[in-house]
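Mind having a look at this structure? Questions to follow.
Residue numbering restarts at 1 for every chain, and letters A, B, ... go by the order of the sequence lines. Not measured: the values here are computed from a predicted model. In what follows, every heavy atom counts, from backbone to side chain, and hydrogens, waters and symmetry copies are set aside.
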Amino acid sequence: MKKIEAIIKPFKLDEVREALSAAGVSGLTVSESKGFGRQKGHTEHYRGAEYQVDFLPKIRLEVVVRDDQADAIVAAIAEAANTQKIGDGKIFVFEVSDAIRIRTGERGDAAI
Amino acid sequence: MKKIEAIIKPFKLDEVREALSAAGVSGLTVSESKGFGRQKGHTEHYRGAEYQVDFLPKIRLEVVVRDDQADAIVAAIAEAANTQKIGDGKIFVFEVSDAIRIRTGERGDAAI
Amino acid sequence: MKKIEAIIKPFKLDEVREALSAAGVSGLTVSESKGFGRQKGHTEHYRGAEYQVDFLPKIRLEVVVRDDQADAIVAAIAEAANTQKIGDGKIFVFEVSDAIRIRTGERGDAAI
Amino acid sequence: MRNRISTAGAGRLVAAAAALFAAGTASAEDVLSAGDTAWMMTSTALVLMMTLPGLALFYGGLVRTKNVLSILMQCLISAGMMGVLWVVVGYSLAFGDGNAFVGDFSKVMLNHATPDTLAGTIPEYVFVMFQGMFAIITPALMIGAFAERMRFGPYLAFITIWLVAVYCPLAHMVWGGGILSSWGAIDFAGGLVVHMSSGFSAMAAALFLGPRAGHGKQPMPPHNLPMVVIGASLLWVGWFGFNAGSELAADGTAGLAFLTTSTATSTAVLTWVLVEWLHQGKSTVLGAATAAVAGLVSITPACASVTPGGAILVGFGGALICYVFVMIVKPKAGYDDSLDVFGVHGIGGAWGALATALFIAPFALPEGMTQGGQILIQLKSIGFTALFAPVATLVILVALRAVFGSLRPTEEDEALGLDQSEHSESAYIEAA
Amino acid sequence: MRNRISTAGAGRLVAAAAALFAAGTASAEDVLSAGDTAWMMTSTALVLMMTLPGLALFYGGLVRTKNVLSILMQCLISAGMMGVLWVVVGYSLAFGDGNAFVGDFSKVMLNHATPDTLAGTIPEYVFVMFQGMFAIITPALMIGAFAERMRFGPYLAFITIWLVAVYCPLAHMVWGGGILSSWGAIDFAGGLVVHMSSGFSAMAAALFLGPRAGHGKQPMPPHNLPMVVIGASLLWVGWFGFNAGSELAADGTAGLAFLTTSTATSTAVLTWVLVEWLHQGKSTVLGAATAAVAGLVSITPACASVTPGGAILVGFGGALICYVFVMIVKPKAGYDDSLDVFGVHGIGGAWGALATALFIAPFALPEGMTQGGQILIQLKSIGFTALFAPVATLVILVALRAVFGSLRPTEEDEALGLDQSEHSESAYIEAA
Amino acid sequence: MRNRISTAGAGRLVAAAAALFAAGTASAEDVLSAGDTAWMMTSTALVLMMTLPGLALFYGGLVRTKNVLSILMQCLISAGMMGVLWVVVGYSLAFGDGNAFVGDFSKVMLNHATPDTLAGTIPEYVFVMFQGMFAIITPALMIGAFAERMRFGPYLAFITIWLVAVYCPLAHMVWGGGILSSWGAIDFAGGLVVHMSSGFSAMAAALFLGPRAGHGKQPMPPHNLPMVVIGASLLWVGWFGFNAGSELAADGTAGLAFLTTSTATSTAVLTWVLVEWLHQGKSTVLGAATAAVAGLVSITPACASVTPGGAILVGFGGALICYVFVMIVKPKAGYDDSLDVFGVHGIGGAWGALATALFIAPFALPEGMTQGGQILIQLKSIGFTALFAPVATLVILVALRAVFGSLRPTEEDEALGLDQSEHSESAYIEAA
Ligand SMILES: Nc1ncnc2c1ncn2[C@@H]1O[C@H](COP(=O)(O)OP(=O)(O)O)[C@@H](O)[C@H]1O
Ligand SMILES: Nc1ncnc2c1ncn2[C@@H]1O[C@H](COP(=O)(O)OP(=O)(O)O)[C@@H](O)[C@H]1O
Ligand SMILES: Nc1ncnc2c1ncn2[C@@H]1O[C@H](COP(=O)(O)OP(=O)(O)O)[C@@H](O)[C@H]1O
C-alpha cells in the first residue's frame with residue numbers, strides 16, 4: 001500500500017475529492033495547514049505595524065491506496081488540483097507497512 | 001521504529017490516550033482533521049440553500065514507537081477506538097528512518 | 001528523498017523557518033497540533049469544575065528534502081527549536097517514494 | 001418626588017394594579033407624563049436587550065460549540081412565542097381583574113385599550129410591552145438548566161404552557177392584585193415572579209430530564225468565554241430597565257432602584273472574585289460574570305427598599321450564597337443544572353426576597369408594618385413560590401412526555417449536538 | 001395625550017414638516033419637552049446602534065470569513081461619510097423647503113439653527129441627528145446585496161452619490177412636504193423611504209454587478225451564526241427607536257408604535273419558524289433571525305396605523321411573503337442578492353406600505369379618507385418608489401463604471417477575499 | 001430652553017456643583033423633571049455599556065488570544081471595585097465640599113441623601129450613578145497601555161489607589177468646584193478628567209512596566225477584529241450618554257452635545273480612512289475603529305461649546321493628530337503603549353481640551369471672557385493634568401512595586417498568556 005499526501009489549494013478540495021471518488025477511492029482524510037514556498041505571501045497592516053504573512057492556507061490531503069492504484073491516483077490529484085499557477089502544491093508518496101480498519105479489525109488492502 | 005497513524009472519532013481521544021499510556025507510550029501528537037469515507041455526512045440548510053457536508057470531524061493521532069511495541073500499540077488503539085459503528089477510522093503503520101529528541105539531541109529509540 | 005517531520009513549540013516557528021531557508025529549503029508545510037508528553041499540562045477552572053489540559057499546542061512541520069540534505073536539515077531544526085526545556089519536541093525522518101509538483105508535473109528531487 | 005413605595009402598601013404592584021383598575025376613570029394621576037413614558041419605553045427596550053442578545057450570549061457562550069445555536073434558537077423563539085402570546089392572552093391573565101390567583105379574559109387581544117389609555121402616567125400599551133418583555137425573559141432563563149439536551153418541539157410546547165400556567169398566575173398573585181399582594185409581599189422587580197419562579201422550575205426540569213450524557217465524567221467547559229462576558233454585560237446594562245423601570249416612572253424611587261442595582265452588582269463581583277481567590281487560589285472571568293448575574297438577581301426584589309449601604313449587604317450576601325451553591329453544593333449533589341439557573345436565579349432570587357425585609361430602609365417599610373412582620377411575609381411568599389413553580393412545572397413536563405414520548409434527543413443526536421440534529425446548522429464555518 | 005396621527009392627515013411626516021416650517025414662529029407647540037427630548041435622544045442612539053454594531057454584525061456574520069471585515073468597513077464608512085454629509089448638505093436637501101421633489105440649500109451646515117431652535121417639542125439638533133441616523137443606515141442596508149464583490153472605493157463613491165440623488169429626494173417627497181406627502185402616503189417610519197428604497201436599489205446593484213464567482217455552484221454558508229443573531233437582536237432593540245422614535249414624542253402613539261413593532265416581529269419569528277418546520281422539516285436559527293428582520297421591516301410604515309391585532313396580521317403576512325421570496329423565488333430565479341436585501345427589505349417594505357392601509361385602524365385613517373382610497377395611495381407610492389430608486393441607482397452605477405473601470409475586484413482578489421485585497425487585514429488571528 | 005452653558009461661567013461643572021451645594025435649600029431649580037431624569041438614567045446605562053461590554057471588547061479584540069480574558073477581567077473588576085468604592089467614599093472625595101484640590105468625607109456612603117434629594121432637576125442618586133460610571137471607565141481606559149503584561153493583583157491595587165489619589169481629586173478640581181474650575185477651565189464631559197488623566201497615566205505605567213516580551217521583534221496583531229469593531233461601535237453609542245448626558249438635562253444643549261459628538265466622530269472616521277489610504281495605499285478596519293474613538297475623545301470636552309461646523313474641525317484635527325501619534329510617532333519612539341491609550345486618549349483628550357477654546361461658539365464663551373483668554377486657561381489646565389496624572393501614577397507604581405515585588409508576570413507566564421497564568425481559563429474551547 002502507498003500513502004499519498006497532497007498539499008493543495010483549499011478551493012480545489014471539492015474537485016480533487018470528486019476526482020478521487022471517480023478514481024475509486026472510498027476514503028480520505030484532510031487537514032488544514034499552512035504552506036511556505038515560492039508563492040508570495042502578503043503584508044497586513046495593523047496601526048502602522050506591518051506584519052508579513054509568509055504562510056498561506058493549504059489543504060493537506062492524505063489517502064492510502066493499493067500499490068496498483070497509486071499512479072492513477074497521483075495523476076488524478078495532479079490534474080484536478082492544477083491551476084497552472086505558483087503555489088498549486090505537491091504530492092508525496094510513501095510506503096505503508098500496514099493498515100487496519102478499527103471497526104472490523106480487517107488488515108491490509110481490505111482495510112482501506 | 002514505527003510511526004502509527006490513527007484516524008479516530010474525536011470523542012474517543014481520551015480513552016485512546018489512556019490506553020496508550022497504559023501500553024507504555026509516553027508521548028504522542030494529535031491534530032484535528034476531517035474525514036471522508038463510508039460514514040454518511042449530513043445536510044445543512046441556509047435560507048433554502050442546501051449544503052452537503054461530506055467531511056466529518058476526526059482526530060488524527062500520531063505516535064512513534066519501537067518496532068517491538070508496534071503490534072501492541074496498534075491493538076490498543078484498535079480496541080479503545082472501536083464503537084462497532086461505521087466511521088470508527090483506520091490505523092496506518094509506517095517505517096521511521098530516524099528520530100531525534102530536540103532538547104537533548106538523543107537519537108533513535110532513546111528519543112521517543 | 002526524505003520527509004522530515006518536526007513537532008516544535010509554536011513560538012519557535014519563525015526561527016526554525018529562517019534556519020531552514022538559510023539551509024536551502026524552499027518550501028515547507030506546517031499545521032497546528034497538540035502534543036502529549038513529559039511536559040506537564042495545566043488545570044483550568046470553570047465554576048468549580050476542574051478540567052485537566054494534557055495536550056499542549058505544538059506546531060507540526062513537514063519538509064521533504066533530498067537525501068543529501070537530510071542530515072543538515074535535521075541539525076538545523078534541532079538547533080533552532082532548542083530551548084533546553086522539556087517539551088521542545090521531536091524530529092522524525094521518513095523515506096519518500098516519490099514527489100510531484102502539481103503545477104508542472106515535475107517528479108523527484110526536481111519537484112521539491 | 002412622588003414616592004410610590006411609602007404610599008402604596010406593598011409597593012409598585014399595588015400602585016400598578018391601582019393605576020390599571022383606575023384606568024378610564026378620571027383622577028389626578030391620569031395625565032400622561034412624557035418623561036415617565038420616555039423612561040418606560042427605554043426600559044422596555046433594555047429588558048428585551050437582556051434576552052436578545054444578552055441572555056442568548058450568556059448561555060450560548062457557556063455551552064459546547066455543537067449546541068450554541070440551539071440556545072440562541074430557544075431564546076429567539078421565546079421572544080417569538082411569548083411576544084405573541086402575551087398580547088393575545090397573557091397580559092389579560094396576569095393583569096385582568098380575575099380572582100386571587102389569576103386574571104381573566106377581559107383584556108384579551110388588548111381590545112380594551114387605545115393609544116389614549118393610560119396606566120398611571122404612561123400609555124397602557126407601554127406598560128403592556130414592559131411587562132411583555134418580562135414574560136419573554138422569564139421562560140428563557142430556564143433554558144440554562146436543561147441546556148444541550150432538550151428537543152426544540154417539546155421546549156416550545158413547554159414554555160408556552162408554562163407561561164399560561166405558571167408565570168401569568170404568579171404575576172397576577174404578586175403584581176396583579178392577587179393573593180401574595182394581599183399578604184403584603186414586596187417584590188419590586190421580580191425576585192419571586194421572575195427569578196425564583198424560573199430558578200425553581202428550572203431545577204425541576206433539570207431533574208426530570210436527567211443529566212447530559214457524560215455529565216460528571218467528561219469536562220464540558222464553556223466554548224466561548226468572551227461571549228459569556230458580553231452577555232453578562234448586556235444583562236447588567238439591561239437590568240437598569242428591569243429594576244428602575246419597575247417604578248413605572250422616572251422619579252427618585254427609580255433613581256434609588258438604579259443605584260442599588262448597580263451597587264449590589266459591583267459588590268457581588270468584587271466579593272466573588274475575592275472569595276474565589278481565597279478559596280481556589282485564582283479568580284476567574286467566568287466567576288466574575290456569574291457574580292454579576294447573582295448580584296443583579298439578588299437586588300431585584302429589594303432594589304427600591306434598601307439604602308445604598310443595604311445594597312452592599314444584599315450584593316455581598318447574594319454573591320456568597322450563590323458561590324456556595326454553584327461551586328460547592330452543586331458538584332457535591334451531582335444534579336446537572338447545566339448553567340446554574342437554580343444556583344443563581346433560584347437561590348439568588350430567594351435570598352433577595354428575604355433580604356428585602358432584612359435590610360429594609362425605614363422609608364420603604366409599609367405603614368403599620370414591623371420589620372419582623374415583613375420578614376415573615378417574605379418567607380411565606382418565598383415558600384409559596386418554591387412550592388408552586390416546580391410542582392406546576394413537573395405536572396406540565398409529565399403531560400408533555402405523555403404527548404412527545406421523550407423530551408430529549410436520541411443519544412446519537414445528543415452526541416452530534418443539537419445544532420445539527422435539531423436545526424441542521426453549524427455555528428461557525430471556516431469556508432474555503 | 002396628543003394624538004398626532006388623528007390630527008395630522010398623513011401622519012408624522014406632515015407633523016414633522018409642519019413643526020419645522022413653523023420653527024421660529026411662536027406657537028403653542030413651540031415649547032421644549034424634556035420628556036420628548038429624552039426619548040428622541042435615546043431613539044437616536046438606538047438607531048445608530050442598529051447600524052453599528054447591529055447591521056454590521058448581521059451582515060458580517062452572513063458572509064464568508066474572508067470578507068467579514070469588508071462588511072464592517074462598509075458599515076463604518078457609511079457612519080463616517082453619511083454622518084458628515086448629512087450635516088453639511090443632506091439634511092437641507094431632505095428637509096429644506098425646496099420643491100415637490102427635493103429640498104434646498106437653506107439649511108446647509110445647519111447654519112440656520114442654534115441650541116434653542118426647536119422642531120416641535122424637541123431641539124432641532126436632535127431631529128437632525130435622528131434623521132441623520134436614518135441616512136446612515138439606509139445606504140448600509142444595500143451592502144448585503146453586493147456583499148463580497150464590490151471594491152471599497154467604488155462603494156464609497158456609490159453611497160455618497162446615492163444619498164444625495166436618491167435618499168434625500170425621497171425623504172423630501174415623503175417626509176419633507178414633497179409630492180408623496182401631498183398624495184397622502186402614510187409611511188410612519190420608513191417603509192418607502194428606507195426599506196423599499198434600499199431594497200430595490202440593492203437589487204439593481206446586485207444585477208448590475210453580477211453574481212459572486214462560484215455562485216450557485218459552491219456553497220457559501222454564513223461564517224458565524226451567533227454573530228448574525230447578535231446583529232438581528234440589536235436590530236430589534238434599536239428598531240424601537242426607529243419606529244416609536246418616529247413619533248418625535250413620548251406619547252400614546254409612540255407607545256402604540258412600540259407595541260406593534262414588537263408584536264409584529266414576534267409574530268414574524270413564530271410564523272417563519274413554523275412554516276420552515278412544515279416546509280423543510282426543521283427550523284433554523286438563520287430563519288428565525290431573518291424573520292425578525294422581515295417582521296421589523298414590515299411593520300415599519302404601519303406601526304402607528306394598526307391595532308395590536310393588526311400588527312399580528314402585518315407580521316404574519318410579512319414573514320410569509322419574505323419566506324417565499326428568500327427560500328423559493330430567489331433560488332429559482334438565480335440572481336445573487338447575496339444576503340437577501342431585496343427579499344427582506346424590498347419586499348417586506350412594500351408589503352408593509354400596503355398593509356398600512358389594508359389593516360388601518362379607524363383612529364389612524366386620515367379625516368375624510370376612505371380605506372380604499374388609502375390603499376390606492378399606498379399602491380401608487382409603492383409603485384413610484386419601486387421605479388424611482390432602482391432606475392436612479394442604475395444611472396449612478398453606469399456613471400461610476402465609466403469612472404472606475406470595474407466596480408468589482410479582480411477574480412484573484414475576489415478569491416482571496418476582500419479583507420486581504422481591499423484592507424490588508426485578517427479578521428481572526430490565532431497568534432502563537 | 002434653559003441654556004446652561006451661557007449662564008454658567010465654565011459650563012456644566014459649575015452648574016453641577018451649584019446644584020449640589022444648593023441641594024436641600026429650596027429654589028426654582030429644585031423640582032424633579034421626569035424628562036431630565038429619564039435621560040440621565042438612560043445616559044448612565046449607556047456609560048456603563050461603554051465599559052461593559054464596549055471597552056472590554058475593544059481592548060479584548062486587540063490583544064492576542066492568550067490574553068483576551070485578562071482584559072475582560074480587568075474591565076469587570078473595575079466595574080466591581082470602582083462601583084463599590086465610588087458609593088463608599090469616591091463620590092464624597094470628588095463632589096464633597098472639601099478644598100480646592102479634593103472633596104471631603106461628608107457624603108461617605110451617601111448617608112446625606114434620600115430618594116427625595118435632588119441634584120438640579122434629577123435625583124442625586126442618579127447623579128451619583130452617572131458620575132460613578134465615569135469612575136468605572138476611566139481606570140479601565142488605562143488597561144490598554146499595559147495590556148498583556150500586568151498581574152491581576154497589582155492591577156487591582158493600582159486602580160483602587162489611582163481612583164482615590166488621582167481621579168477623585170481631578171474630578172473635584174474640574175467638576176467639584178475646585179481649582180481648575182475656578183480658573184474657568186471648560187471640560188464639558190471629561191477631556192481632562194477622563195481622557196487626559198487616563199491617557200497620560202497610562203503612558204507612565206507603560207514606561208514603568210516596560211514593553212511586552214518580543215515587542216518590536218514579533219508581530220502582535222489583534223486576535224479578533226470584529227470584536228474590536230463591536231467594541232468601538234458600542235463606545236460610539238454609549239458616548240451619547242457620556243457627552244449629552246453631561247448636560248444633566250434633556251435640553252437644547254444636550255441636543256447640541258449629541259449632534260457635535262456624532263458629527264466629530266463621523267468626520268474623524270472619514271478623515272482617518274482617507275489619510276490612511278493616501279499614506280499607506282489602503283485603509284483598514286482597525287484604522288476606522290481607532291478613528292471613531294479618537295473622534296469621540298476629541299469632542300468630549302468641546303461637545304457643548306462648538307457649532308456643527310466646529311465639530312467637523314474638532315473631529316478632523318483629532319483624527320490627524322492621533323493618526324500621527326499612533327502610526328508614526330509611536331513606532332519611531334519605540335515605547336510599548338500596547339493599545340494606544342496615550343496616542344488616542346492622552347493626545348486626543350489634550351487636543352479636544354484645546355480645540356474647545358479654538359473653535360468655541362459665541363454662545364458658549366463665558367460672559368466677560370475673550371477667546372484668547374479661554375485658550376490660555378485651557379492650555380494651563382492641559383499642562384496641569386499632563387503633569388499631575390502621570391507623576392501621581394508613578395508614585396503609586398513605585399509604592400506598589402515595593403509591596404508586590406514585580407508587577408509583571410514571570411517571563412514564562414507572559415509567554416503562556418495571562419488567561420492561563422492569572423485565571424486558569426481559556427477563552428475559546430473547541431470541545432469534542
Ligand atoms: N519541500 C517541501 N516540503 C513540504 N512541503 C512543501 C515543500 N515545498 C513546497 N511545499 C508545500 O507546497 C506548497 C506550494 O509550494 P510553492 O513553492 O508555493 O509552489 P509550487 O508547488 O507551485 O512550486 C507550499 O505552500 C508548501 O505547503
Ligand atoms: N483510504 C483512506 N486513506 C486515508 N484515510 C481514510 C481512508 N479511508 C478512510 N479514511 C479515514 O477513515 C475515516 C473512517 O472511514 P469510514 O469509511 O467512514 O469508516 P470505516 O473506517 O468504519 O470503514 C474516514 O472519515 C477517513 O478520515
Ligand atoms: N512517541 C512520540 N510520538 C509522537 N509524538 C511524540 C512522541 N513523543 C513526544 N511527542 C511529541 O513531542 C512533544 C514533546 O515531547 P515531551 O515528552 O513533552 O518533551 P521532550 O521532547 O522534551 O522530551 C509532545 O508534546 C508530542 O507532541
Side-chain angles (χ1 to χ4, degrees), chain E residues 32-39 41-42 44-46 48-49 51-53 56-57 60 68-69 72-73 76-77 79-84 87-88 109-111 114-118 122-126 128-129 132-133 136 152 224 227 230 250 419 422-432, chain F residues 1 3 5 33-36 38-39 42 46 64-66 121 218-226 229-230 232-234 236-238 240-241 244 249-256 258-259 262-263 265-270 273 280 282-286 288-289 291-292 307-309 311-312 363:
Chain E
L32 184 131
S33 156
D36 292 348
T37 303
W39 173 238
M41 291 197 287
T42 304
T44 308
L46 286 172
L48 177 63
M49 191 174 79
T51 308
L52 293 178
L57 292 173
V68 53
L69 294 180
L72 302 185
M73 188 66 164
L76 276 165
I77 202 64
M81 179 57 100
M82 303 301 112
V84 177
V87 166
V88 172
M109 286 301 291
L110 312 182
N111 278 332
T114 74
D116 292 305
T117 314
L118 297 185
I122 62 170
E124 188 175 352
Y125 282 156
V126 174
V128 172
M129 269 297 99
M133 297 312 176
I136 284 172
F152 181 64
N224 192 320
M227 198 185 271
I230 313 178
D419 295 0
E422 294 293 303
H423 307 297
S424 288
E425 290 171 293
S426 294
Y428 311 104
I429 294 184
E430 298 280 329
Chain F
M1 196 206 64
N3 189 333
I5 289 295
S33 157
D36 293 347
W39 172 237
T42 305
L46 286 172
R64 289 168 290 174
T65 310
K66 63 186 175 185
T121 58
Q218 192 180 313
M220 301 174 174
H223 90 285
N224 192 321
L225 276 177
V229 173
I230 314 178
S233 300
L234 292 180
W236 191 339
V237 173
F240 290 127
D251 60 16
T253 299
L256 174 68
F258 199 113
L259 185 137
S262 209
T263 302
T265 306
S266 290
T267 309
V269 169
L270 189 61
V273 163
Q280 303 270 34
K282 277 179 190 169
S283 19
T284 62
V285 170
L286 179 54
T307 61
I312 291 180
F363 61 77

- Query: Rounded to the nearest 0.5 Å, what separation is found between the CG atom of E/L32 and the CG atom of F/D251?
  - Reply: 7.0 Å
- Message: Tell me which of these, E/V128, E/T44, E/V68, E/N111, has more heavy-atom pairs under 4.5 Å with chain F than the rest.
- Response: E/T44
- Query: So which part of E/M82 gets closer than 4.5 Å to some heavy atom of chain F, the side chain, the backbone, both or neither?
  - Reply: neither
- Note on the structure: Nearest heavy-atom approach of F/F240 to E/A45 is CD1-CB, 3.9 Å
- Name the member of F/A38, F/A289, F/S283, F/S262 that forms the most heavy-atom pairs with chain E at distances under 4.5 Å. F/S283
- Message: Please rank F/L234, F/L256, F/L46 by heavy-atom pairs under 4.5 Å with chain E and give me the top one.
- Response: F/L256
- Query: Where is the tightest heavy-atom contact between F/I312 and F/T267, given as atom of each residue plus distance?
  - Reply: O-CG2, 3.4 Å
- Message: With a 4.5 Å cut-off on side-chain heavy atoms, are E/E124 and E/L118 touching?
- Response: no
- Message: Shorter than 4.5 Å, heavy atoms on both sides: which option in F/V285, F/T265, F/T263 has the most such pairs with chain E?
- Response: F/V285
- Message: Give me the atom names and distance for the closest heavy-atom approach of F/S233 to E/P53.
- Response: CB-N, 3.5 Å
- Task: Side-chain contact test, heavy atoms from C-beta onward, threshold under 4.5 Å: evaluate it for F/F363 versus E/D116 and give yes or no.
- Result: no
- Item | Contacting region of F/L259 [heavy-atom separation from chain E under 4.5 Å] | both
- Note on the structure: Minimal heavy-atom distance between E/L76 and F/A288, with the atoms involved, is CD1-CB, 3.8 Å
- Against chain F, work out which of E/L72, E/D419, E/T51 has the most heavy-atom pairs shorter than 4.5 Å and name it. E/L72
- With a 4.5 angstrom heavy-atom cut-off, which part of F/V273 approaches chain E: side chain, backbone, both or neither? side chain
- So which of E/G60, E/A79, E/G35, E/A56 has the largest heavy-atom pair count under 4.5 angstrom toward chain F? E/A79
- Item | Which atoms of F/T42 approach chain E - backbone, side chain, both or neither, heavy atom under 4.5 Å | side chain
- Query: Between F/T284 and E/H423, is there a donor-acceptor pair closer than 3.5 Å when you use the side chain of the first and the backbone of the second?
  - Reply: no
- Query: Looking only at heavy atoms, which two atoms of F/P226 and E/A427 are closest? And how far apart?
  - Reply: CD-O, 3.6 Å
- List the atom of E/S33, the atom of E/D36, and the distance in Å for their closest heavy-atom pair. OG-N, 3.0 Å
- Message: So for E/L57, is it side chain, backbone, both, or neither that comes closer than 4.5 Å to the heavy atoms of chain F?
- Response: side chain
- Can you tell which of F/A311, F/G255, F/G238 has the highest number of heavy-atom pairs within less than 4.5 Å of chain E? F/G255
- Note on the structure: Highest number of heavy-atom pairs under 4.5 Å with chain E among F/V229, F/V237, F/L286 belongs to F/V237
- Query: Of all of E/M81, E/M129, E/M133, E/M49, which one pairs up most often with chain F through heavy atoms under 4.5 Å apart?
  - Reply: E/M129
- Non-hydrogen atoms of chain E under 4.5 Å away: do they reach the side chain of F/A268, the backbone, both or neither? neither
